[in-house]
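Okay, so here's the structure we're looking at.
In what follows, chains carry the letters A, B, and so on, assigned in the order in which the sequence lines appear, proteins first and then strands, with residues in each chain numbered from 1.
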Amino acid sequence: MASLIHAIITIIFRADQIISGIGINILALGLPGLLSSTMFGTPSSTPPVVKWFKPVNISWIERIPIAGEIFSGHSILVYFSFIVVVITFVIFRETRFGLRIIASGENPSALEVAGISVVKYRFYGVLLSGILGGAGGAYLSISHGTQFIKNMSAGRGYIALAALILGKWKPVPVFLACLLFGFADALQIRLQGKFGIPVEFIQMIPYILTILILAGFIGKAIPPKASGKPYYRGGEKL
Amino acid sequence: MKKMSFSFSGILYISRIFFVIFFGLLFLLQSCRKKEEDKNKGKIKVGLVFDAAGKDDKSFNTASWVGASRAKEDFNIVLKDVEPGEPSAIEPSIRILAEQGFDLIIGVGFGNKPYIEEVSKEYPELKFAIVDVEVKGDNVASILFEEHQGAFLVGMIAAGVSKTGKIGFVGGMDIPLIHRFYEGYKAGALYINPKVEVYEGYAGVTLDAWNDPTKGKEIALAQYSRGADVVYAAAGATGLGVFDAAEEVKKFVIGNDSNQNYLKPGYVLTSMLKKVDVAVYQIIKDVVQGNFKPGIHKFDLKNKGLDYAIDDYNRNLIPESLILKVEKAKQDIIKGKLKVPDYYEKISRNAEHK
Amino acid sequence: MKKYLKEILFLLISICGAFFISGLIILFSGEHPSEVFSIFIEGIFGSTEGILYTLFFSTPLIFTGLSVAFALKGGLFNIGAEGQLYIGSMAAAFVGFTLVNFPPVVLIPLTILVSIIGGGLWGSIAGFLKAKFGSHEVINTIMLNFIAISLVGYLSSGPFKNPGDQIPQTPLISESARIPEIHTIFPAFPETVPLNISFFIAIFSAIFAYVLLKYTKLGYEIRSVGFNPDASRLSGISLIKINLLTMFISGAFAGMVSINEVLGYRYRFLNNFSPGYGYFGIAVALLGKNHPLGVIASAIFFGAISRGGLLVDIHSDRISRDVIFVIQGIIILFVISRELMSVIAKRKKYTAL
């Protein structure tokens with residue numbers, strides 16, 4: 001939903017994409033609380049929902065030693081996320097649709113010359129990203145826990161941005177980067193107070209890593225060339 | 001640069017529509033509100049400000065909300081609750097309640113301390129109350145609990161039921177108050193089984209640690225995977241994550257503050273009851289009847305401010321012999337025969353030592 | 001002149017539009033929009049307290065709005081005001097509670113200076129990374145926010161924590177580091193409003209930013225880098241220097257939030273004190289059209305919304321203060337999608353034909 005508004009505003013009205021994203025973020029900070037308070041009488045959380053996604057145990061995975069223990073017993077959404085990575089990879093590599101989305105980011109005018117609507121494909125791109133973001137939220141609220149709690153994501157959307165950069169804008173490395181951050185988060189919970197390193201410093205690691213990578217210490221991450229720039233059809237910009 | 005192609009008349013047109021609708025809405029039902037105000041005249045106004053977790057944490061905040069709501073029904077007062085949602089919003093809420101002339105303002109949780117301290121000085125004619133921490137002042141009542149006593153009893157139950165000899169503890173914010181729970185819990189567990197192993201974990205060091213169920217679940221899962229089969233959640237809304245974890249791995253959890261036995265039937269061993277509802281009700285009653293007393297109001301096992309919950313949800317989970325032992329210990333604590341270690345005393349001793 | 005009129009009209013439409021949409025939400029929730037809005041307006045203008053509170057809430061927003069607007073003038077998008085204000089405030093508090101024996105004449109300017117340097121240095125990290133490695137300042141400032149929040153979280157709950165307190169906060173700063181509240185200067189004002197002279201410092205800073213940008217060589221260079229970096233480089237302006245300075249000044253404005261929060265009000269560093277002033281600063285700068293004086297107006301407007309939202313929260317059962325965020329978010333979206341207006345306007349012209 002929110003990504004739809006974002007898409008309309010940034011693509012059709014050519015507003016600066018980052019500013020719009022932030023506007024949406026501020027709106028999204030308030031809206032669920034307001035809706036929750038009008039519907040359930042308390043702005044900070046909703047009543048628990050029935051658990052939709054019970055953890056699934058896949059028998060054949062369970063039988064694999066070590067790996068079985070790690071990979072089985074998660075919510076179905078966890079497996080879904082693995083599948084999404086593969087699908088994204090395939091889409092971008094193999095299908096026309098994926099290639100066109102890439103083109104709309106890398107070289108929009110070439111796409112236009114080829115007679116394909118840039119607006120349409122950028123629209124799809126933002127919409128899909130919103131749907132995936134929403135799935136992330138759904139995992140937190142109805143699978144990992146059972147209800148919406150205000151600010152429950154605790155900045156996880158921003159960490160994803162860090163993962164994106166670490167993964168150099170490609171689906172599979174992004175997935176690995178996400179695993180790394182997830183690992184760091186889990187590690188931090190399990191190591192709490194063990195080595196005398198304050199929790200706060202462990203929490204900083206993903207962010208510091210991102211900055212270092214951006215600065216090119218660990219290798220350059222190249223964003224799509226036209227990312228963040230409004231696209232104007234030929235000549236319109238003058 | 002692209003030239004802005006504005007049509008001046010177009011803008012005027014749109015703005016006219018908006019203005020008409022906006023101000024139309026504004027003045028249409030103005031009179032309704034006036035009536036509302038007359039209705040509430042002369043009633044005592046009570047404002048309740050929660051901490052970072054809202055009134056629906058099913059624990060600490062919920063308990064105070066229940067108490068206040070009961071008082072509202074019994075005494076015909078105007079009750080307004082504010083859920084700040086985040087720590088930075090607590091203060092403006094307290095200020096605005098004071099400015100609007102609320103007769104009694106109750107800060108639920110120690111997160112309210114600095115603001116109650118400040119605002120109570122600025123509005124000496126109003127009355128204030130705060131739960132869990134002491135604030136000095138002629139118009140402030142501080143509601144304190146002897147949490148370690150209650151935690152001792154549920155610690156006994158945890159160790160008595162545990163088959164692995166390992167139990168866990170998930171605290172909200174890493175602060176003396178929660179350590180007081182932990183120390184009591186541990187002492188109770190050791191009282192039953194001297195060899196018991198107790199894991200402790202906290203969700204964080206900021207007020208947000210009361211409202212992070214995702215993290216609560218992670219910590220609990222970590223403790224269950226290390227062999228704990230009972231985990232005590234003293235963590236506000238963060239504790240709800242511990243309940244989810246217990247259900248997922250089919251092990252036991254112990255609730256806190258409110259009776260949480262109903263949350264995940266079959267997995268909730270018991271709940272430590274910290275009767276904030278009783279305390280809040282009592283304070284409101286005092287104000288309504290004109291007996292408001294500033295200073296410390298203490299609640300412990302003796303005056304039934306603390307207890308543990310046994311009801312239909314968990315009666316079959318705890319062996320009768322264990323309950324007898326717990327009841328005996330409860331009487332011993334009340335009579336002063338059994339002394340539960342108090343974390344507050346421990347730190348004040350350490351402070352003197354230095 | 002007509003251009004300005006259009007701008008102002010456009011903003012008014014955005015604001016009315018935002019209220020209109022939130023009115024619909026309120027209607028949906030079962031309260032009367034007129035009732036809610038009249039509480040809203042009454043709370044803001046109905047009393048001296050209301051007006052003073054509005055100014056009090058707007059003070060930090062002026063600082064962060066200036067911070068964002070100034071960086072934008074230099075072509076940089078500073079989302080890091082949140083982190084910069086925390087670092088500045090922690091620095092100010094640290095000086096305030098360690099150098100207790102200094103007299104006010106020394107200590108007040110010193111703490112202000114420290115907060116400026118603290119915020120400024122934190123901001124210039126992003127400026128440096130941008131200038132040196134070309135990495136995008138948006139992502140860097142977001143990351144630096146999280147790092148700053150973790151850092152001050154550690155300091156205020158660890159080494160600098162006030163002993164014996166349950167919540168993470170530093171000890172009180174020295175009496176002589178505190179700046180006076182407004183009622184000590186104008187005794188007619190009520191004592192209960194914590195508005196202090198930092199409001200005037202904020203106004204002064206806005207004028208300072210305006211003069212700096214408009215009338216000095218540095219200001220000219222900053223604006224030209226913001227307008228066209230390549231051309232400026234060719235004309236002999238050092239991009240690295242200007243990027244660094246822009247972010248330093250921008251961060252310094254953010255750090256000055258501490259004058260209100262630490263020196264004028266709380267007299268200590270309280271962890272998590274900011275409800276997101278840094279992020280709201282973006283909205284303030286946008287609504288103020290990046291003009292330092294426009295920032296003052298829009299900050300006061302946002303201050304009024306915060307004040308009104310609080311009252312609505314108290315007086316209605318089904319509307320929470322989140323209405324503030326909704327209104328702000330919608331306004332931002334309105335302001336940036338200004339072409340929407342021209343599109344509709346055009347369409348109207350066609351139908352009129």
Open item on the list: Between B:I96 and C:R307, is there a side-chain heavy-atom distance shorter than 4.5 Å?
Closed with: yes
Task: Atom pair OH/CD of C:Y53 and B:E99 - distance to nearest 0.5 Å - done: 5.5 Å
TODO: Check each atom of B:K121 against the heavy atoms of chain C and say whether the ones under 4.5 Å are side chain, backbone, both or neither.
DONE: neither
Open item on the list: For the CD atom on C:E175, are there more than 12 heavy atoms of other groups (residues, nucleotides or ligands in this structure) within a distance under 6.0 Å?
Closed with: no
Open item on the list: Are B:E91 and C:Y265 packed together at the side-chain level, in the sense that at least one heavy-atom pair is separated by less than 4.5 angstrom?
Closed with: yes
Open item on the list: Under a 3.5 Å cutoff, is there a donor and acceptor pairing between the side chains of C:Y267 and B:E118?
Closed with: no
Task: C:L270 versus chain B, the contacting section by heavy-atom distance below 4.5 Å - done: side chain
- [ ] Mark yes when over 12 heavy atoms from residues, nucleotides or ligands other than B:K72 sit less than 6.0 Å from its NZ; otherwise mark no.
- [x] no
Open item on the list: Less than 4.5 Å apart, side chain to side chain, heavy atoms only: is that true for C:L311 and B:Q100?
Closed with: yes
